[in-house]
Structure formats: structure tokens, C-alpha cells
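Beneath this line is the structure, given in C-alpha cells, with notes to follow.
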2 protein chains.
Amino acid sequence: MLSDPFSHLPTTACRTIDMQKGDVLFRQNQTTSGLYRVVFGSVTLQRSGLGGDTLTLHRAVSGGLFAEASVFSATYHCDAICTEAGSVIKIEKADVVATMQSNLAFSEGFTRLLAVQVQQYRAHIELLAIPSAKERILAAVHAGYFDATVTELATRINLSHEACYRALRGLCDDGRMIRVGRGKYTLS
Amino acid sequence: MLSDPFSHLPTTACRTIDMQKGDVLFRQNQTTSGLYRVVFGSVTLQRSGLGGDTLTLHRAVSGGLFAEASVFSATYHCDAICTEAGSVIKIEKADVVATMQSNLAFSEGFTRLLAVQVQQYRAHIELLAIPSAKERILAAVHAGYFDATVTELATRINLSHEACYRALRGLCDDGRMIRVGRGKYTLS
DNA sequence: GATCTTTTATGATCTGGATCACATGCTTTC
DNA sequence: GAAAGCATGTGATCCAGATCATAAAAGATC
């Protein structure tokens, strides 16, 4: 049921790539060559607006996939940048396309992956519609978004980092969260 | 390439349903039974928060699909409500699953559909990150979101309808948009 | 270990959008 | 055609979060 669909790919389809913090795996508008799985470390998918402001679309950690939709797109739609050193497995687009056409189990597994993504994005859009900063943060923490820095969380949920720190403190004052250390908070 | 993957389904998989404005096609948390295509009229997918506020996740018009991801989910994640009378074709989940396992062309077409959705949602999240109401509306108009009422647009892009009207007027004052009638605006 | 960068954190100020209030016109319905 | 309901506006007020400024601590770099 939840077995890894990528086990159906030929071994030549995958290539391990080591990465250092700040490394760019691909950039917006580049021709797509494949999708990726994080082995360890972390990668953020981001787009830079016309100003210098960056928007985090997704953050992939160990075991996570990213750029799945690139298989059906000519160019990447965002930048992929390493935020914690580690390694990723690159899966060649051509192999994915070929295997999809020859292997039903792979095809179904890959489709399921995309369906899950669709639901995650819908949930994210719903989260972004929460007007209050405190409630939005609480929802984000419940959804497991707060797995890195406060600053990173802030960019993901459309808040300034100042507002994010303040709201976190407010939640602690309310007794709804607990500060367990510098930059570390948990649900109470 | 862009041919309709659903042409591969058995004829018994589809059923036409007429709908009146306000009709509920399904509700959040109901067991999923299939996905839908709009023949004519329109349907909005929305979630109601704990308060009375509703959030529009998607709006499907003629030719549009909705609830695709339901094929991989046990329950619907939002309400589907008719906003303009018309008809929809309901496609049975069981038939989709069966056809996916027996027909590669269908499977690939369906997967591509989901991939497109993923990219659309990503673009939407990016749009929601635009801080200024005027710029956000402009981006939404460019993306073709403004196909119904101003009120509907407002809920889709996380603005109050008042702010939306005011920003539209501001854009007209700037000469970046033109008011062509009551509730009708176009890019200049 | 000195320097640089990033994250954490808080305070002060300002503003854009939410909210409240209200009027009008267009549809729909009975 | 009267009444109800909804979309379209606009004006007044208020406040939450953006922005600017500053500082300390941690981590990276040399």
C-alpha cells in the first residue's frame, strides 16, 4: 500500500548527489531533468519575487520528495536550495516517464504521491487563510510545519519573523505553547 | 497529448447530474464516491472554518474537473456546492481505480492532471504571499481568477470584499485597470 | 580567537486592510 | 409588483501585523 513506488525504477535511474548548505540543485525556468528524494539534510523550494523577498513553497527533509510535478513540466517552477548539508537522490525524468508507461504499480504509486501533494497544498492554502497570527502559527505547529527555525516558519506562513516571535510569545503567555529553549517551542 | 484521459473509462462509469444553485454535491468528511466534471454551470469547493467564515479552495467551471484527489482519499476534504445551475458528470471512484490498473494511457493522463493541479496550487500559494492588495488582485486577474463576482474573487485571495472593491478602484485610478461596468473590470 | 553571518528577541511607530455601518441596484421568488 | 436576498459600492474607525531599529547569542569562517 504505502510501499515506495520508486523501487520499480531501474537502478540506473537514480544518482546520489552530496550537497552543502547553499548549494543550488536547480533554478526556476531551468529545463527539468528529474525529481529528487532527500536522503538526509534538507532542501527548500523557493521563489524569489520581483523584490528581494523570497517565498518558501516547500521544505523537504529526510525521505521527502520534491519536484515530482517536474516530470510533466518543461521547466522548474522554483529554486531548490540546500538548507542543511546532506545528500539527495536524483531520479531521471526520462526513466520516470518510461517506467510509468511500462509498470502499472509504479504508475499508481506515483499518481498517489501527486494526489497527496494536492491535498497538502489545499491544507496549506486553508492555513494561509487563518487571519490571526497566533491561530495561524498554532495550526502550522499542529500540521508539523515548525521543524526548522522560526524565521523559516515565518516565511512559510506569510508572516514577518518579528510577528512570528511575538505571536509565539503570546501563545506561551496564553499557556497554549511552551518555550523549551532558545528558538524552541512545543505545544502544551 | 492533451486528449481527455476519461475517454478511456467504461461508459457505465459516468453519470450526468443536473444541479441547481445551492445544491450540495458532497460535504467535507463524507466518504468519497467519485470525482466530477462540470458540463455547464459552476461549482465551488469550500471549507467552512470553525466560525461562519467560508474559504473558497477552488472554483470549477465548464470543462473543469474537481475532487480528482478523492480517488486516493477515504473522505472528501471540502464541500462542493453549486454556484450556477447546470450539470456535472460524476465519475465513479471504483471505475477510476480499476481503469488506472488496466489502462496505461488513462493512468498517465490522470497523473498529468494531478501534476497540473500541483503546479496551480503552488502558483496560488505564491499569489497569496503578495502583500499589497492591489498587486495581489492584479496578479489574480492576470492568472484568470476573476471570472465571477468581486466577492468571490475576494474570498479566493484572502481579502475582505471591501478591500477588494477599494483596491480595484485604486487600480482604475492608477490606470492599470478599467471599470467596464458594474462589477466588471479589465486590464488596461 | 577574531570576524562575519544568522537567528533570536524585543521595542517603537505606522499603515493597510479588517471591521462596522449604510445605501443602492439587480435578481429571484412568491 | 412587493419583498427578500445578494452583489456592488463607499465612508469611518481601529488594530494587527509590517517595518524600522537595536542588541545579544550562537554558529560559521578565516
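Just so we're clear, the structure is a prediction, and the values are computed from it rather than from any experiment. Convention: sequence-line order gives letters A, B, ...; per-chain numbering from 1.
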Can you give me the closest heavy-atom contact between A:Glu92 and A:Ser33, atom names plus distance? OE1-O, 3.4 Å

5' to 3' contact window, DNA chain D with chain A (heavy-atom distance under 4.0 Å): D:dG17 to D:dA26

Do you know which two heavy atoms are closest between A:Arg37 and A:Gly63, and how far apart they sit? NE-O, 3.8 Å

Taking all non-hydrogen atoms of both residues into account, name the closest pair between A:Gly175 and A:Ser188 and its distance. O-OG, 2.7 Å

Looking only at heavy atoms, which two atoms of B:Cys14 and B:Ile91 are closest? And how far apart? SG-CG1, 4.0 Å

Here the residues of residues 145-154 of chain B within 4.0 Å heavy-atom distance, strictly under, of DNA chain D are B:Thr149, B:Val150, B:Thr151

Members of residues 79-88 of chain A that approach DNA chain C, where some heavy atom sits under 4.0 Å away: none

The side-chain hydrogen bond (donor to acceptor under 3.5 Å, both in side chains) partner of B:Gln117 among B:Arg112, B:Arg122, B:His58, B:Glu68 is B:Glu68

Quick one: sort the A:Tyr36 and A:Phe26 rings into parallel, tilted or perpendicular, breaks at 30° and 60°. tilted

For residues 132-148 of chain A, please give each side-chain donor-acceptor pair under 3.5 Å, one per line with the distance, not counting sequence neighbours.
{"from": "A:Ser132", "atom 1": "OG", "to": "A:Lys134", "atom 2": "N", "distance (Å)": "3.3"}
{"from": "A:Ser132", "atom 1": "OG", "to": "A:Glu135", "atom 2": "N", "distance (Å)": "3.2"}
{"from": "A:Lys134", "atom 1": "NZ", "to": "A:Asp174", "atom 2": "OD2", "distance (Å)": "2.9"}
{"from": "A:Glu135", "atom 1": "OE2", "to": "A:Arg176", "atom 2": "NH1", "distance (Å)": "3.1"}
{"from": "A:Glu135", "atom 1": "OE2", "to": "A:Arg176", "atom 2": "NH2", "distance (Å)": "3.1"}
{"from": "A:Arg136", "atom 1": "NE", "to": "A:Ile157", "atom 2": "O", "distance (Å)": "2.9"}
{"from": "A:Arg136", "atom 1": "NH1", "to": "A:Ile130", "atom 2": "O", "distance (Å)": "2.7"}
{"from": "A:Arg136", "atom 1": "NH2", "to": "A:Ile157", "atom 2": "O", "distance (Å)": "3.3"}
{"from": "A:Arg136", "atom 1": "NH2", "to": "A:Asn158", "atom 2": "O", "distance (Å)": "3.0"}
{"from": "A:His142", "atom 1": "ND1", "to": "A:Leu138", "atom 2": "O", "distance (Å)": "3.2"}
{"from": "A:Tyr145", "atom 1": "OH", "to": "A:His124", "atom 2": "ND1", "distance (Å)": "2.9"}
{"from": "A:Asp147", "atom 1": "OD1", "to": "A:Arg59", "atom 2": "NH1", "distance (Å)": "2.7"}
{"from": "A:Asp147", "atom 1": "OD2", "to": "A:Arg59", "atom 2": "NH1", "distance (Å)": "3.0"}

Which letter, B, S or -, goes with each nucleotide of nucleotides 18-24 of chain C from 5' to 3', with contact meaning a protein heavy atom under 4.0 Å? SBB----

Want to settle it: does B:Gly181 or B:Lys21 sit nearer the 5' end of DNA chain D, counting the closest nucleotide to each? B:Lys21

Mind telling me whether B:Phe110 and B:Phe106 have parallel, tilted or perpendicular rings, with 30° and 60° as the class edges? parallel

Over all atoms of both residues, closest heavy-atom pair of B:Ser70 and B:Gly34: OG-O, 3.3 Å

Hydrophobic cluster (4.5 angstrom, side-chain heavy atoms) - remaining members for B:Val61: none

With heavy-atom distances below 4.5 Å as the criterion, would you say the side chains of B:Thr111 and A:Phe72 are in contact? yes

Are B:Ile89 and B:Ile17 packed together at the side-chain level, in the sense that at least one heavy-atom pair is separated by less than 4.5 angstrom? no

